[in-house]
Amino acid sequence: MEDYERVLLVKQEVFVFKIPPRTSMKSYRAADWNLNEPQWSGRMRMVAKGNECIIIMEDKVNGTLFAKCPIEAYPGVAVEAVADSSRYFVLRIQDDNGRAAFVGLGFVDRSDSFDFNVALQDHFKWLKKSEEIDKEEQEPRKDLDLRFKEGETIKINMKITKKDGAEGSARPKPKSGTSTGLLPPPPSVIKISPPSCVSTPASDQSSATSSGNSNPNWVQF
């Protein structure tokens, strides 16, 4: 299936400047350009087709092509920010024969350059994510081996929670008397001494007899 073209960004008015050749490895500076006299002004469209991303500069009335800037990566050689302003960039434009040239690109407002920057970043993030997904789908999945290796052991520490919320050991406690095999000793017997025999004097007996006889309710046996 043929890839369709997606429009990432449209700005109705941008400016293109002729820039001096780079003489050192230092970053470009927009102050070195003749900003009062742009070489061209018109509409800019950023489109994506498959993995390709292209900046197209064209006439905003009749759509006549002025220049194209294919972008392989961002940040990269095709699009470079200048050192002294956030509204200007350096583009590497190419024709159909592969000839390239570097021009300056300027936006009317900083919000336009912000949109330009975000659109490029989002596209290449999406492209990287798509490549990672395709790679995962093509690679065979490895089966997960959960078997124990030779000599490998596992330790499990289990705790039992009692009804009152306290934690106890998983091992049951031995009942009393079962650990040694002996029965528990019988309970202690309290010995009660018998009452001592107290002899009753004869006088007391006679008095008891006499008193018993004097009582009309006394029963004689």
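All values derive from a computational prediction rather than experimental measurement.
Atom CD in Q12 sits 12.0 Å away from atom OG in S41 (nearest 0.5 Å). Of the inter-residue distances, the one linking F66 atom CZ with Q39 atom CD reads 5.0 Å to the nearest 0.5 angstrom. Taking SG of C69 as the start and CE of M57 as the end, the distance is 6.5 Å to the nearest 0.5 Å. Distance check: Y28 OH to E80 CD gives 6.5 Å after rounding to the nearest 0.5 Å. In this structure, OG1 in T64 is found 10.0 Å from CZ in R43, a value given to the nearest 0.5 Å. Taken to the nearest 0.5 Å, the NZ atom of K125 stands 12.0 Å off from the CG atom of L120.
A donor-acceptor contact under 3.5 angstrom links the side chains of N117 and Y74, judged on distance only.
Counting heavy atoms from C-beta on, the side chains of I56 and L65 come closer than 4.5 Å. Using a 4.5 Å heavy-atom cutoff, the side chains of E58 and R45 are in contact. With contacts defined as side-chain heavy-atom distances shorter than 4.5 Å, the pair N34/F17 does not qualify. Two residues are said to be in side-chain contact when any heavy atoms from C-beta on lie closer than 4.5 Å; R92 and I71 fail this criterion.
The shortest heavy-atom contact between A30 and D84 is N-OD1, 2.9 Å. Across P20 and W33, no two heavy atoms sit closer than the pair CD-CD1, 3.8 Å. Heavy atoms only, all atoms of each residue included: Y88 and G106 are closest at CD2-CA, 3.5 Å. Of all the heavy atoms in E5 and V47, the pair that sits closest is CG-CB, 3.9 Å. Contact record, A78 with P70: CB-O, 3.5 Å, taken as the closest heavy-atom pair. For V61 against D59, the heavy-atom pair with the smallest separation is N-OD1, 2.7 Å.
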Report task. Under the side chain to side chain contact (heavy atoms under 4.5 Å, CB included) rule, what do C53 and M46 come out as? Steps first, then yes or no, please. Result -> CA-CA 7 Å; C53 181; M46 184 188 301; 4.0 Å; yes
Query raised in the report: Can you check side chain to side chain contact (heavy atoms under 4.5 Å, CB included) on F116 and L105, steps first, answer last?
Result: CA-CA 11 Å; F116 175 77; L105 174 68; 4.3 Å; yes
Query raised in the report: Can you check side chain to side chain contact (heavy atoms under 4.5 Å, CB included) on R87 and V82, steps first, answer last?
Result: CA-CA 9 Å; R87 293 193 296 122; V82 300; over 6 Å; no
Requested in this report: Give the intermediate values and the outcome of salt bridge (charged side-chain N to carboxylate O under 4.0 Å, His left out) for residues K68 and D95.
Outcome: CA-CA 7 Å; K68 293 189 300 183; D95 61 11; over 6 Å; no
Query raised in the report: S86 and F114: side chain to side chain contact (heavy atoms under 4.5 Å, CB included), yes or no, with the steps?
Result: CA-CA 8 Å; S86 61; F114 177 80; over 6 Å; no
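Seen from the ring of F102, R22 does not count as a face-on cation partner, given the 6.0 Å and 45° thresholds. A cation-pi arrangement is present between R6 and W126 under the rule of less than 6.0 angstrom and at most 45 degrees off the ring axis.
Cluster annotation: V79 is connected to M44 through the hydrophobic network of ILVMFWY side chains, with a link wherever side-chain heavy atoms come within less than 4.5 Å. Tracing side-chain contacts under 4.5 Å through hydrophobic residues (I, L, V, M, F, W, Y), one reaches F107 starting from V16; they form part of the same cluster. By the rule that hydrophobic residues join a cluster once side-chain heavy atoms approach within less than 4.5 Å of another member, V118 and L8 end up as members of separate clusters. Connection of V14 to V108 is not established within any shared hydrophobic cluster, with ILVMFWY side chains joined at heavy-atom distances below 4.5 Å, either directly or through further cluster members. L9 and L127 fall within a single hydrophobic cluster, where Ile, Leu, Val, Met, Phe, Trp and Tyr side chains are chained together by heavy-atom contacts under 4.5 Å.
Around the CD atom of E132, the shell of radius 6.0 Å holds more than 12 heavy atoms that belong to other residues, nucleotides or ligands. N51 CG: 12 or fewer foreign heavy atoms inside a 6.0 Å radius. By the 6.0 Å contact criterion, CD on E52 is open, its count of non-hydrogen atoms from other residues, nucleotides or ligands being 12 or less.
Although no hydrogens or angles enter the test, the distance criterion places no donor-acceptor pair under 3.5 Å between the side chain of N97 and the main chain of R99.
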